[in-house]
Novice: 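The structure that follows is given in the form of structure tokens.
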Amino acid sequence: MKPTTFLLMQLKRLLKNKAFLLLLVIFPLCLFLLSHTFREETQSRIPVGICLDTDDALAKKLCEKLVALEDSLFTFSSIASEEELIKLVQSNQIECGYLFRKPLGNELDKNHLKNLITVYVSENTTCKGVLNELVYANLFEEYSLSLLQEILKDASHLPFTTETAGEFSLPPVTEEDIEQSYRSHLADGSTFRFDVQFVSANTTTPLTGTTAATLPLLRGLAAIFLLLCGFWAMLTVHNDKRNGLYVRSHGTESFLFPHITMLTYLIPSGLVCLFGLGISSSVTDWGLELVALLCYLTALLLFYMLLGTLIRNHTMLCAAFPMVLLCTLVFTPVIADLSSFFPWMKVVRYALPTYYYLLFF
């Protein structure tokens, strides 16, 4: 029998496999619905109100910074008066309300650290602690900048004025220069801080929206889906061997026909995965995506053909897949790589094809 004829026969058999076809239809829809759910959750940021009732420069700068925050779970908005702020909290239209009445700069200079900011809190809120940490972290970030500028300007032996700069043959340094240097050091890792951001797997630029948040999870689900389809194909080949389908094939045919059967399952599954990742906005580079997918399908083909050669018992094969699935979930970063906590476990991942697929991203 010619390989092309055998391929057509396998495709016809696949079209009659209603369970597998149903799986191919459902999976991309599930990816799309899951990404849509994450999109709604990501866009629903918790509202917080701010009322500025002072002319203090530090308080004004802090409020402007909080309102401009974009990479936060909270969205800050300015409220005109204290009475309106209280009403919005009481009606649960905002989670918390912050009233800035005292001159923050002067109070901090005097070491008055208590009751600086008035906070109105909804009875049902669970975010007060996180919000307070966020507000006070930004407050002291701005206050530290003002202290730095004052100290450096008062240090007359350093080149921070035109006159003193001339003595050292250095250009003068302005407040804007100090602030630029200060903020650059906050972001370059030279200071101790925590910075939690969702980023895509192939870039270091912070992203906002659904793509960045859901991409690793959806890609992990796609990898598991292809792992399942590869196992289904391996069982089909094993059953065909038990039923004597390849008895009359010799030489090249006996090698090609099992691989053709595997590919009739893997290639449609790969195309469905590619489609599902596309409609769920998880693909950032189609060329890289296609190369990674082809390599992963090849790795799955070799992995399952080797597994089917080593384990010839049908029951043992069915028992082996849960172990492969469990190892994939635990030792590769499909959802969370637990082997990061136990370095000695990382050796296991090198035997799993999913690990090499996720290395592309």
Side-chain angles (χ1 to χ4, degrees), residues 45-79 85 95-120 127-199 204-208:
R45 298 164 66 188
I46 301 172
V48 183
I50 297 176
C51 179
L52 183 63
D53 192 18
T54 177
D55 294 330
D56 181 65
L58 180 60
K60 183 178 181 181
K61 198 170 185 178
L62 173 62
C63 291
E64 291 175 350
K65 183 176 182 180
L66 291 174
V67 171
L69 284 178
E70 295 182 353
D71 58 344
S72 172
L73 294 174
F74 308 96
T75 175
F76 293 84
S77 56
S78 298
I79 309 300
L85 186 71
E95 193 78 8
C96 296
Y98 287 84
L99 174 63
F100 297 90
R101 179 175 290 159
K102 296 183 178 181
L104 297 182
N106 294 334
E107 292 295 315
L108 289 172
D109 289 340
K110 297 175 183 178
N111 202 27
H112 295 168
L113 306 180
K114 294 184 179 181
N115 303 321
L116 287 177
I117 305 171
T118 303
V119 185
Y120 297 100
C127 301
K128 177 186 174 184
V130 177
L131 267 170
N132 286 344
E133 292 291 337
L134 178 63
V135 171
Y136 279 97
N138 283 277
L139 167 60
F140 283 98
E141 183 176 312
E142 296 303 318
Y143 181 62
S144 298
L145 173 60
S146 65
L147 284 180
L148 178 64
Q149 290 174 335
E150 291 179 7
I151 292 171
L152 294 180
K153 284 188 296 184
D154 292 341
S156 57
H157 62 284
L158 295 177
F160 291 103
T161 63
T162 305
E163 293 77 11
T164 55
E167 299 177 6
F168 294 91
S169 301
L170 294 174
V173 178
T174 63
E175 292 187 8
E176 290 74 16
D177 296 329
I178 298 172
E179 180 174 359
Q180 182 180 2
S181 177
Y182 173 80
R183 298 198 184 282
S184 67
H185 283 295
L186 284 178
D188 68 359
S190 59
T191 56
F192 183 81
R193 71 168 190 163
F194 293 97
D195 189 10
V196 180
Q197 296 173 337
F198 286 110
V199 296
T204 57
T205 305
L207 301 176
T208 57

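Keep in mind that what you see is a predicted model, and the values were worked out from it rather than measured.
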Novice: Taking salt bridge (Lys or Arg N to Asp or Glu O under 4.0 Å) as the definition, give me every residue that meets it alongside Asp109, ordered by chain and number, with sequence neighbours left out.
Specialist: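 With sequence neighbours excluded, Asp109 shows a salt bridge (Lys or Arg N to Asp or Glu O under 4.0 Å) to no residue whatsoever.
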Novice: Might you work through the side-chain contact (heavy atoms from CB on, under 4.5 Å) test for Lys61 and Leu145, ending with a clear yes or no?
Specialist: CA-CA 11 Å; Lys61 198 170 185 178; Leu145 173 60; 3.8 Å; yes
Novice: Looking at residues at least two apart in the chain, or sitting in another chain, which of them share a side-chain contact (heavy atoms from CB on, under 4.5 Å) with Ser144?
Specialist: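 Ser144 satisfies side-chain contact (heavy atoms from CB on, under 4.5 Å) with Tyr182 only.
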Novice: With sequence neighbours excluded, tell me which residues meet side-chain contact (heavy atoms from CB on, under 4.5 Å) with Asn138.
Specialist: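 Listed in chain order: Leu62, Lys65, Leu66, Leu69, Leu134.
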Novice: Between Leu104 and Leu116, does a side-chain contact (heavy atoms from CB on, under 4.5 Å) hold up when you go through it step by step?
Specialist: CA-CA 7 Å; Leu104 297 182; Leu116 287 177; 4.1 Å; yes
Novice: Got a sec, which residues hit side chain to side chain donor-acceptor pair (under 3.5 Å) with Asn132, two or more places apart in sequence or on another chain?
Specialist: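 Asn132: side chain to side chain donor-acceptor pair (under 3.5 Å) contacts with Tyr98.
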Novice: So which atom in Ala59 and which in Thr54 form the shortest heavy-atom distance, rounded to 0.1 Å?
Specialist: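 Heavy atoms of Ala59 and Thr54 come nearest at CB-CG2, 3.9 Å.
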Novice: Measure the spacing between CD of Glu142 and CD of Glu64 and express it to the nearest 0.5 Å.
Specialist: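 Interatomic distance, Glu142 CD to Glu64 CD, rounded to 0.5 Å: 9.5 Å.
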Novice: If I take atom CZ from residue Arg101 and atom CG from residue Leu52, how far apart are they, to the nearest 0.5 angstrom?
Specialist: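 One gets 11.5 Å once the value is rounded to the nearest 0.5 Å.
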Novice: Can you see which heavy atom on Leu85 is nearest to which on Gly49, and at what distance?
Specialist: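 Taking Leu85 first and Gly49 second, the nearest heavy atoms are CD1-C, 3.8 Å.
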Novice: Which pair of non-hydrogen atoms, one from Phe74 and one from Cys127, has the smallest distance, and what is that distance?
Specialist: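 Here Phe74 and Cys127 meet closest at CE2-CB, 3.9 Å.
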Novice: Quick check for you: to the nearest 0.5 Å, what is the distance between Asp56 atom CG and Glu107 atom CD?
Specialist: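 Atom-to-atom, Asp56:CG and Glu107:CD are 9.0 Å apart.
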Novice: With side-chain contact (heavy atoms from CB on, under 4.5 Å) as the criterion, how do Ile46 and Phe76 come out once you've worked through the C-alpha distance, each side chain's angles and the decisive distance to 0.1 Å?
Specialist: CA-CA 9 Å; Ile46 301 172; Phe76 293 84; over 6 Å; no
Novice: Run the side-chain contact (heavy atoms from CB on, under 4.5 Å) test against Thr75 and tell me which residues pass, sequence neighbours left out.
Specialist: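 side-chain contact (heavy atoms from CB on, under 4.5 Å) list for Thr75, sorted by chain: Arg45, Pro47.
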Novice: Go through the steps to decide whether Leu58 and Leu108 satisfy the test side-chain contact (heavy atoms from CB on, under 4.5 Å), and finish with yes or no.
Specialist: CA-CA 10 Å; Leu58 180 60; Leu108 289 172; 3.9 Å; yes
Novice: Which heavy atom of Ser78 sits nearest to which heavy atom of Val67, and what is that distance?
Specialist: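 Nearest heavy atoms, Ser78 then Val67: OG-CG2, 3.8 Å.
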Novice: Is there a donor-acceptor contact under 3.5 Å from the side chain of Asp53 to the main chain of Phe100?
Specialist: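 No, because the side chain of Asp53 does not come within donor-acceptor range (under 3.5 Å) of the backbone of Phe100.
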Novice: Working to the nearest 0.5 angstrom, can you tell me the gap between Leu131 CG and Cys96 SG?
Specialist: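 Output value for this atom pair is 5.0 Å.
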